[in-house]
S.K.: 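Pasting a structure here, questions to come.
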Amino acid sequence: MTTKTPDRIVELWPNLPEAARADLIKRAESMAAGIVDFTAEDLAGIERGREDFKHGRTLSAEQFDSNMDAFMKGLRQKSARAP
């Protein structure tokens with residue numbers, strides 16, 4: 001987040017639907033209180049990660065970099081083909 005972010009939120013506020021305003025306020029208050037509001041999908045991913053780590057199913061930094069490079073290359077290729 002940059003120092004411009006609060007100004008941008010204030011700028012956009014009048015154009016936000018009431019539901020979006022309420023969600024933004026709820027999220028900001030939760031974060032300020034140290035409460036992280038994870039979705040069920042987020043929590044499932046965290047649990048899978050814990051289990052993977054517990055059972056030694058992890059990547060080395062080199063493996064991660066290689067996988068991430070391949071993933072980003074694929075995204076760039078898809079982006080280049082998109083109309």
S.K.: Counting N and O atoms only, with roles assigned by atom type, does the side chain of Ser79 sit under 3.5 Å from a partner on the main chain of Leu75, one being a donor and the other an acceptor?
M.R.: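 Judged by distance alone, no pair lies under 3.5 Å.
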S.K.: Test of understanding: with salt bridge (Lys or Arg N to Asp or Glu O under 4.0 Å), list the residues that count as partners of Asp23, not counting sequence neighbours.
M.R.: Arg27
S.K.: Could you tell me if Thr39 and Asp42 have a donor-acceptor pair between their side chains, going purely by distance under 3.5 Å?
M.R.: yes
S.K.: For Glu11, what residues pass the salt bridge (Lys or Arg N to Asp or Glu O under 4.0 Å) criterion, not counting sequence neighbours?
M.R.: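 Per chain and number, Glu11 pairs via salt bridge (Lys or Arg N to Asp or Glu O under 4.0 Å) with Arg8.
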S.K.: For Leu43, which residues count as a side chain to side chain contact (heavy atoms under 4.5 Å, CB included) partner, sequence neighbours excluded?
M.R.: Phe38
S.K.: Under 4.5 Å between any side-chain heavy atoms of Leu24 and Trp13, yes or no?
M.R.: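 In contact.
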S.K.: Should we count CD of Gln63 as having more than 12 external heavy atoms under 6.0 Å?
M.R.: yes
S.K.: Salt bridge (charged side-chain N to carboxylate O under 4.0 Å, His left out): which pairs involve residues 57-68, sequence neighbours left out?
M.R.: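 Matches after skipping sequence neighbours: Asp52-Arg57.
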S.K.: Can you hop from Phe53 to Ile46 via hydrophobic side chains spaced under 4.5 Å?
M.R.: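 The answer is no; the residues belong to distinct hydrophobic clusters.
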S.K.: Same cluster or not: are Ile25 and Ile9 linked, directly or through other Ile, Leu, Val, Met, Phe, Trp or Tyr residues, by side-chain heavy atoms under 4.5 angstrom apart?
M.R.: yes
S.K.: Would you please name every residue forming a salt bridge (Lys or Arg N to Asp or Glu O under 4.0 Å) with Glu47, sequence neighbours left out?
M.R.: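 Only Arg50 meet the salt bridge (Lys or Arg N to Asp or Glu O under 4.0 Å) criterion with Glu47.
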S.K.: Could you see if Leu16 belongs to whatever hydrophobic cluster contains Val10? Use Ile, Leu, Val, Met, Phe, Trp, Tyr and a side-chain cutoff under 4.5 Å.
M.R.: no
S.K.: Got a sec, which residues hit salt bridge (Lys or Arg N to Asp or Glu O under 4.0 Å) with Lys54, two or more places apart in sequence or on another chain?
M.R.: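 Expected list: Glu51.
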